Visitor: 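Starting off with a structure, shown below.
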2 protein chains.
Amino acid sequence: MDDQTDQTRKPRADAVRNRERVLEAAKVVFTAGGPEASLEAVAKRAGVGIGTLYRHFPTREDLFEAVYRREVEQLSELAEQLKNAKDPVDALRRWLRSGVEFVATKKGMVAALALAVQSGSELHAFSFERLTKAISSLLDRAAAAGAMRADISPEDLLRAFFGMCYMHDQPGWQSSVLRMLDVFVDGLRVQTAAKAKVRAAKPAKTAVKRKR
Amino acid sequence: MDDQTDQTRKPRADAVRNRERVLEAAKVVFTAGGPEASLEAVAKRAGVGIGTLYRHFPTREDLFEAVYRREVEQLSELAEQLKNAKDPVDALRRWLRSGVEFVATKKGMVAALALAVQSGSELHAFSFERLTKAISSLLDRAAAAGAMRADISPEDLLRAFFGMCYMHDQPGWQSSVLRMLDVFVDGLRVQTAAKAKVRAAKPAKTAVKRKR
DNA sequence: GAAGATACGGAGGCACCCTCCGTTTAACAA
DNA sequence: TTGTTAAACGGAGGGTGCCTCCGTATCTTC
């Protein structure tokens, strides 16, 4: 399926080269300047015209996704590995912690996750699906083992995780997030002894009056 | 302290009026267009020049904070009220849930929270302090009662909460966040039987099934 | 009413976004 | 090789928004 089928031309060499250059430049620029960085700066750094950049990546998101696709894949693969860990809850915890590390290392990762999570457009289907599946595999196993509540969807978790990482530019964010994740995972855990009904988690009416 | 002291002039009437107009316009524009909305649009709607806007609010954040200061205060006051609730953990849960409602109602609220949480600049000291204190009062009480782990700081919680609300523009975000908050609060509960002081007999664990 | 402080407005310079199209270049056929 | 042609290139240009600057208008005070 890789060969050009029928009357499709071989892609032009310069096109391939330029695409690669843009990606490389984007990686650098996004890492330094965040996801808001100027696309013109990317083009300049890549040594191509702005038009070329836009031809290859019609939207900022397209470019962004292409840049961080690999990272997403890595996170996803990690989940695959963790699937076989003994303690399913701990596996999930580990995965989340690795996610934090990713964010810490690659500054653009948060934005990539944000993209994956936000805006349901087809463009991000890849990242979103990939990560959702990754989480899902961990979640399902833990739930099946009866070690974790089953009413939390992978999407929920992804969003929560991403959200927690969102303030990644503050001092001390990392340990804060790690703490929060622990709390969170604790909350997910089904307490073996806790078949007893507790008087706590009743729907807690949210109708709090608000003066306006 | 309201009177002009010494040689301070009375503020000009037009200045006061314009400031108010800008605030009102900003409220509308930010609500509609999110925190990225054009400041020039705000100025136009307020019927003032762009220069006037910038004189009153030198940065976008300044304007933003001014607009949402009131909301922050309301959230803060709510915490004050909840302080006297019977169950301290439940009080916290309620507060968080109200926060979600705020976000749902006032679209700009997320951004306001973001501001409060991010960027340690002095500009946001108000919001941040206010909310931190609000949470703190709830957190402390719960911790003092031995009902909740004590190693979570108000800042941690604020960040986590804000983060979860961050994807407020997706369909179904609200119920997702509410679920996550429940998980989270469950995780905050002191779980081990280690605290014999408070109801050692019943495990204060609340991993009950919650229908979505 | 005059003086002086204060505020006003919007032009203007800059940066970025994105599109459009004349020019260049690589792939393929002869 | 050379010619043909589709594909890709680059960057000018029109649009929007940001923010500053400063001549002008207006308000307060005496």
Side-chain angles (χ1 to χ4, degrees), chain A residues 2-26 28-30 32-67 111 115 119 121 123, chain B residues 2-26 28-67 108 111 115 119 121 123:
Chain A
D2 287 312
D3 282 337
Q4 64 273 35
T5 45
D6 280 348
Q7 50 264 44
T8 55
R9 269 190 163 197
K10 191 164 82 172
R12 280 178 54 161
D14 54 349
V16 174
R17 185 178 353 107
N18 279 334
R19 188 189 160 87
E20 209 50 46
R21 276 188 190 168
V22 168
L23 273 177
E24 193 56 39
V28 175
V29 171
F30 281 153
E36 320 259 76
S38 152
L39 294 189
E40 260 152 14
V42 173
K44 184 179 286 181
R45 169 172 258 271
V48 307
I50 187 66
T52 297
L53 185 152
Y54 273 98
R55 202 171 326 99
H56 284 297
F57 307 99
T59 74
R60 176 181 290 268
E61 281 75 31
D62 289 334
L63 178 53
F64 216 87
E65 188 193 324
V67 168
L115 248 188
S119 93
S121 115
L123 288 174
Chain B
D2 288 312
D3 282 337
Q4 63 273 33
T5 45
D6 277 347
Q7 52 262 48
T8 53
R9 269 194 165 195
K10 192 163 81 172
R12 276 177 57 162
D14 54 348
V16 173
R17 186 179 353 110
N18 279 332
R19 188 190 161 87
E20 208 50 45
R21 277 187 188 167
V22 168
L23 273 176
E24 194 56 39
V28 174
V29 171
F30 281 154
T31 296
E36 321 257 77
S38 153
L39 293 189
E40 260 152 16
V42 172
K44 183 178 287 182
R45 168 171 258 272
V48 305
I50 186 67
T52 297
L53 185 151
Y54 274 98
R55 199 171 328 100
H56 285 297
F57 307 99
T59 74
R60 176 181 289 269
E61 280 76 30
D62 289 334
L63 177 54
F64 217 87
E65 189 194 325
V67 168
L115 249 189
S119 95
S121 115
L123 288 175

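All chains are named by letter (A, B, ...) in the order of the sequence lines, taking the proteins before the strands, and each is independently numbered beginning at 1. Not measured: the values here are computed from a predicted model.
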Visitor: I want to confirm an ordering. Mapping B/Asp14 and A/Arg12 to their closest nucleotides on DNA chain D, which one lands closer to the 5' end?
Guide: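 Its nearest nucleotide lies further toward 5', so the answer is A/Arg12.
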
Visitor: Take atom CZ of B/Arg60 and atom P of D/dC19, then tell me their distance rounded to the nearest Å.
Guide: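 To the nearest whole Å, that distance equals 7 Å.
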
Visitor: What is the distance, to the nearest angstrom, from the CG atom on A/Leu63 to the P atom on C/dC18?
Guide: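 So the two atoms are 11 Å apart, to the nearest Å.
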
Visitor: Please give me the minimum heavy-atom distance between B/Val48 and B/Val22, naming the atom from each residue.
Guide: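 Result for this residue pair: CG2-CG2, 3.9 Å.
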
Visitor: Mind checking side chain to side chain contact (heavy atoms under 4.5 Å, CB included) for A/Arg17 and listing every partner two or more places apart, or none if nothing turns up?
Guide: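 Expected list: A/Asp14, A/Arg21.
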
Visitor: Hey, is the side chain of B/Ser38 poking within less than 4.0 Å of OP1 or OP2 on D/dT16, counting only N and O atoms?
Guide: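 The answer is no; no side-chain N or O of B/Ser38 sits under 4.0 Å from OP1 or OP2.
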
Visitor: Between A/Arg60 and A/Ala37 (side chain of the first, backbone of the second, donor and acceptor by atom type, cut-off under 3.5 Å), is there such a pair?
Guide: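 Looks like yes, one N/O pair under 3.5 Å.
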
Visitor: Hey, are the side chains of B/Leu39 and B/Phe57 touching, using non-hydrogen atoms and a 4.5 Å cut-off?
Guide: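 The answer is no, as the side chains (C-beta and beyond) never meet within the 4.5 Å cut-off.
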
Visitor: Of all heavy-atom pairs between A/Ser38 and A/Val29, which one has the smallest distance, and what is that distance?
Guide: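 A/Ser38 and A/Val29 have their closest heavy atoms at O-CG1, 4.3 Å.
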
Visitor: When the distance from CG of B/Leu39 to P of D/dT16 is rounded to whole Å, what number comes out?
Guide: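 Rounding to the nearest Å, CG of B/Leu39 and P of D/dT16 are 16 Å apart.
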
Visitor: Nearest whole angstrom, please: distance from the C1' of C/dC16 to the CD of B/Glu36.
Guide: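 Rounding to the nearest Å, CD of B/Glu36 and C1' of C/dC16 are 14 Å apart.
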
Visitor: Round to a whole Å and report the spacing from CD of B/Glu40 to P of C/dC8.
Guide: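 Checked: the CD to P distance equals 17 Å.
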
Visitor: So what does B/Pro58 touch, heavy atoms closer than 4.0 Å: a base, only the sugar-phosphate, or nothing?
Guide: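 It contacts nothing in the nucleic acid.
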
Visitor: NZ of A/Lys10 versus P of C/dA27: gap in Å, rounded?
Guide: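 Whole-Å distance recorded here is 6 Å.
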
Visitor: Would you compute the distance between atom NE2 of A/His56 and atom CG of A/Asp62 and round it to the nearest 0.5 angstrom?
Guide: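 A/His56 atom NE2 to A/Asp62 atom CG measures 12.5 Å (nearest 0.5 Å).
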
Visitor: Distance check needed: D/dC19 P versus B/Glu61 CD, whole Å only.
Guide: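 Whole-Å distance recorded here is 9 Å.
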
Visitor: So if I take residues 44-56 of chain B and measure heavy-atom distances to DNA chain D, which residues fall below 4.0 Å?
Guide: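 Only B/Ile50, B/Tyr54 qualify.
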
Visitor: Go through C/dC16, C/dT25, C/dG4 for me and flag the one nearest to the B/Arg9 side chain.
Guide: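 The closest nucleotide is C/dG4.
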
Visitor: For the atom pair CD1 (B/Ile50) and NZ (B/Lys44), what is the distance rounded to the nearest 0.5 Å?
Guide: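 The NZ atom of B/Lys44 is 10.5 Å from CD1 of B/Ile50, to the nearest 0.5 Å.
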
Visitor: How many Å lie between CZ on B/Phe57 and P on D/dC18, as a whole number?
Guide: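 Distance check: B/Phe57 CZ to D/dC18 P gives 15 Å.
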
Visitor: Would you jot down, in residue-number order, the residues of residues 15-26 of chain B having a non-hydrogen atom under 4.0 Å from DNA chain C?
Guide: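 Result for residues 15-26 of chain B: B/Ala15, B/Asn18, sorted by number.
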
Visitor: Shortest non-hydrogen contact from A/Leu53 to A/Ala43?
Guide: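 Of all heavy-atom pairs spanning A/Leu53 and A/Ala43, the closest is CD1-N, 3.7 Å.
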
